[in-house]
Amino acid sequence: MILAGLLLITVLLVGVSYAVFNSYASQDSTNTLAATCIELEFSGENSVNLTNVYPINDSEGLKTTPYKFKIKNKCKNYLEYIVIVSVINVTNPLDSKYVKVNLSGDNEMNSVALSSLKSIQTPASLSGYSIKENYVLKDGDGILKNEERNFEFRMWLDGENEETWTSEQVESKNYQVKISVIGTVKTEPKDDLYVAALIDGEESTTFPTTKDYTATVNCTRKGKKIDANESIEWTGLKWALTTTITDGNTRCNVEFESLPTWENPGKNTLLAAIKNGNTVQTPTTTPGTEISVDTEALLASTEDDYGTSYYFRGAVTNNYVQFANKCWRIVRVGGDGSVKLILHNDNTAGAANPCNSANNSTSAAFARYSGTTYTSAFNTNYNDNAYVGFKYGTPGSSTYEATHANTNKSTILNNLETWYNNNLKTYESVIDNSVWCNDKTNVTDTSYDPWGWSPNGLGYGTNKTYYGATQRLISSTSNSAGGTGPSLKCNGELSKITSKIGLIAADELALAGYAYGLENSTTYLQENATDVWWWSLSPNDFFGDTLARVWYVNGSNGFFGGYSVNRTYGVRPSISLKPSTNVTGNGTSTNPFKVIMN
């Protein structure tokens, strides 16, 4: 199942040399791969054709005509598959770092340089070809009988970084690739239960021994809910599902023993454990305006982009999670059911229970991403509005969109990804691919000016600009805590960055108990994080001509404010676990929620 494309790069001389990107791709007939009981149908249409197109930026590349192909499992076996793009050995080859690719369908992929993707050795099925290198376009999930996956593949010459090229690097180069789909027979994952049950609409792991309640269950496949809720009934002996839930080959036939406090033996979902172990309360003090009182320790709620989110606030002591040989604290449950965590103990010493207070230190909550180093600049440069971005566009641009395009990774994102690959990669089956809110919304209301800067709010170049979190957390009339109040709703598509790893947002810090310009050493986030100041995810402002600033926490006293992105502060990673993640424990430091890897 191979698509071959020949890309020829030449140069037109019109005063200045510009690279022209030509490609040829064809698919004459449907290819199938059959081995024992495997049969994958691979069909392609609309071959890639970028003839006589200059190097283009990503937004233009995504508008080009894609190569479309479909994978279909036509036999009874459950299959797992990967999509590979292989670079063929040619004379005078172009370096893969100049080629951008995008594969859409069955989850979106960011447009990336081909060379930045995971590389693998040449599969045995491609041994007959002279292959230079292989990159994984898609590490797919499973595919059941008669299921299919549809994809669109695009490839173009990278025009985003054209100014860094020399003519020798691109002119008269050759480039040839092959796309392959490799399927492997696997044991089909067993169906599981989502949470366990809903008793009168509330998630619960306890089943009353009476018919006076309305109970339902949800089924999932690989952690994703399927179908509508189906009723279960009390038979006088046990709870039993009245109908079979079906979804293709998926079934949930459920019987529950009628124990007074029935629980899924030995484990529970983290989502259910949080909700069953906490009463949702109203904060004692208004988030973002005052310091939490010493006795405030609760689970509260507010809305996010997906529904109702439940967040921990104050000096809570029942939100510890042991995962990936490290300890984490639960920040909140998202409206989509995902559970956001923040690092509590990197556990470089390998303690059996890194959550136990005996293993605390002043800097345990920070990630050692390079040897013993746990501090980093947010961005090395700071003299442009672009550098407030966790990902950012082109510094020096004359538009907000170009400045804040999610093209370049920040210094701290690169360091976070290094730590993730070294520490969490093997555990990512339970880690959500989260949307992180790096709120780059520029405040265009120039009457908002707490520091008397006379901003224009343009958000590009060196224009004085306040950003969204600042307006929410700092009073409009004075340089003090206040503002319109923290929000978990993300503003603007450029603010939304999909990643397995990120940082806690300023609004989440305000909900946890911090307030601008004030100190708070009582919130749960202070434990193990007093050694240095540490970064949040949220832009603060661009001040004067040379200072991009991001929100931070002063570890020693809990002071909450903003400072220049080139400062080296603590790196405190955040991740989200999938709603269906199973755990044991009760969330205390001596008996933390412990993630069970299936």
Side-chain angles (χ1 to χ4, degrees), residues 5 7-12 14 16-23 48-67 85 87 93-104 108-119 133 135 137 152-171 173 175 177 379-381 383-414 417 436 438 440 459-461 492-499 548 565:
L7 293 86
L8 304 175
I9 298 174
T10 61
V11 170
L12 295 180
V14 187
V16 180
S17 293
Y18 295 95
V20 177
F21 187 63
N22 304 308
S23 73
V48 178
N49 186 354
L50 303 178
T51 305
N52 296 323
V53 176
Y54 288 107
I56 53 179
N57 59 35
D58 293 353
S59 62
E60 294 172 314
L62 292 174
K63 296 177 183 177
T64 59
T65 302
Y67 181 86
V85 60
V87 181
L94 176 71
D95 195 304
S96 294
K97 67 183 179 181
Y98 300 119
V99 178
K100 278 286 187 74
V101 295
N102 180 277
L103 185 70
S104 61
E108 298 296 318
M109 182 186 101
N110 291 330
S111 301
V112 296
L114 188 58
S115 60
S116 69
L117 295 175
K118 177 183 177 182
S119 61
E133 52 203 14
Y135 297 100
L137 276 174
E152 294 184 353
F153 174 70
R154 292 174 172 86
M155 180 167 56
W156 61 92
L157 187 61
D158 181 12
E160 298 278 349
N161 302 295
E162 186 179 0
E163 66 277 3
T164 64
W165 301 356
T166 64
S167 58
E168 290 78 11
Q169 291 171 319
V170 297
E171 70 175 55
K173 300 292 184 178
Y175 199 73
V177 302
N379 269 309
T380 305
N381 296 315
N383 59 344
D384 193 281
N385 271 276
Y387 297 120
V388 301
F390 194 53
K391 294 183 78 172
Y392 61 90
T394 305
S397 296
S398 58
T399 66
Y400 170 87
E401 291 75 16
T403 298
H404 295 291
N406 294 318
T407 304
N408 303 299
K409 294 179 181 179
S410 62
T411 303
I412 199 167
L413 176 54
N414 280 316
E417 288 183 341
W436 301 87
N438 175 220
K440 295 180 281 192
Y460 59 81
E493 291 304 311
L494 293 179
S495 299
K496 299 175 182 178
I497 298 172
T498 302
S499 174
V565 296

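Since the structure is predicted, the reported quantities are computational estimates derived from the model, not experimental observations.
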### Task
Go through the steps to decide whether Val99 and Val177 satisfy the test side-chain contact (heavy atoms from CB on, under 4.5 Å), and finish with yes or no.
CA-CA 11 Å; Val99 178; Val177 302; over 6 Å; no
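- For Ser59, the side chain to side chain donor-acceptor pair (under 3.5 Å) criterion is met by Asn57, not counting sequence neighbours.
- Residues satisfying the side-chain contact (heavy atoms from CB on, under 4.5 Å) test with Asn383, not counting sequence neighbours, are Asn381, Tyr387.
- Separating the CG atom in Leu413 from the OH atom in Tyr392 is a distance of 10.5 Å, to the nearest 0.5 Å.
- Remark: Leu62 CG to Trp156 CH2 distance equals 4.5 Å, nearest 0.5 Å.
- Residue Ser111 comes nearest to Asn102 through the heavy atom pair OG-ND2, 3.2 Å, listed as atom of the first residue, atom of the second, then distance.
- For Glu60, there are no side chain to side chain donor-acceptor pair (under 3.5 Å) partners, not counting sequence neighbours.
- Between Asn406 and Phe390 there is no side-chain heavy-atom pair separated by less than 4.5 Å.
- The CZ atom of Phe153 sits 7.5 Å away from the CG atom of Leu103 when rounded to the nearest 0.5 Å.
- Considering only residues two or more places apart in sequence or on other chains, Thr407 meets the side-chain contact (heavy atoms from CB on, under 4.5 Å) condition with Glu160, Ala405.
- Under the rule for a side-chain contact (heavy atoms from CB on, under 4.5 Å), the partners of Tyr400 that lie at least two apart in sequence or sit in another chain are His404, Lys440, Asn442, Leu494.
- Screening residues 392-412 for salt bridge (Lys or Arg N to Asp or Glu O under 4.0 Å), with sequence neighbours left out, gives Lys409-Glu417.
- Counting heavy atoms from C-beta outward, Ser499 and Trp436 have side chains that approach closer than 4.5 Å.
- Listed for the Asn438 side chain is no donor-acceptor partner under 3.5 Å among the backbone atoms of Ser495.
- Here the side chains of Asp58 and Lys100 are in contact, with some heavy-atom distance below 4.5 Å.
- Residues Val85 and Val101 are not in side-chain contact: their nearest non-hydrogen atoms beyond the backbone lie 4.5 Å or more apart.
- Side chains of Val87 and Leu114 form a contact here, defined as non-hydrogen atoms less than 4.5 Å apart.
- Evaluation of the side chain to side chain donor-acceptor pair (under 3.5 Å) rule for Tyr98 yields Gln169 as partners, not counting sequence neighbours.
- In terms of heavy atoms, Thr399 sits closest to Thr403 at O-OG1, 2.8 Å.
- Take Asp384 and apply the side chain to side chain donor-acceptor pair (under 3.5 Å) test, not counting sequence neighbours, and it matches no residue.
- By the side-chain contact (heavy atoms from CB on, under 4.5 Å) test, Ser115 pairs with Ser96, Lys97, Ala113, Tyr135, sequence neighbours left out.
- Between the side chain of Asn408 and the backbone N or O of Gly393, at least one donor-acceptor pair lies under 3.5 Å.
- Rounded to the nearest 0.5 Å, atoms CD (Glu152) and OG1 (Thr65) are 10.0 Å apart.
- Side-chain contact between Ser104 and Arg154: present, with at least one pair of heavy atoms (C-beta onward) separated by less than 4.5 Å.
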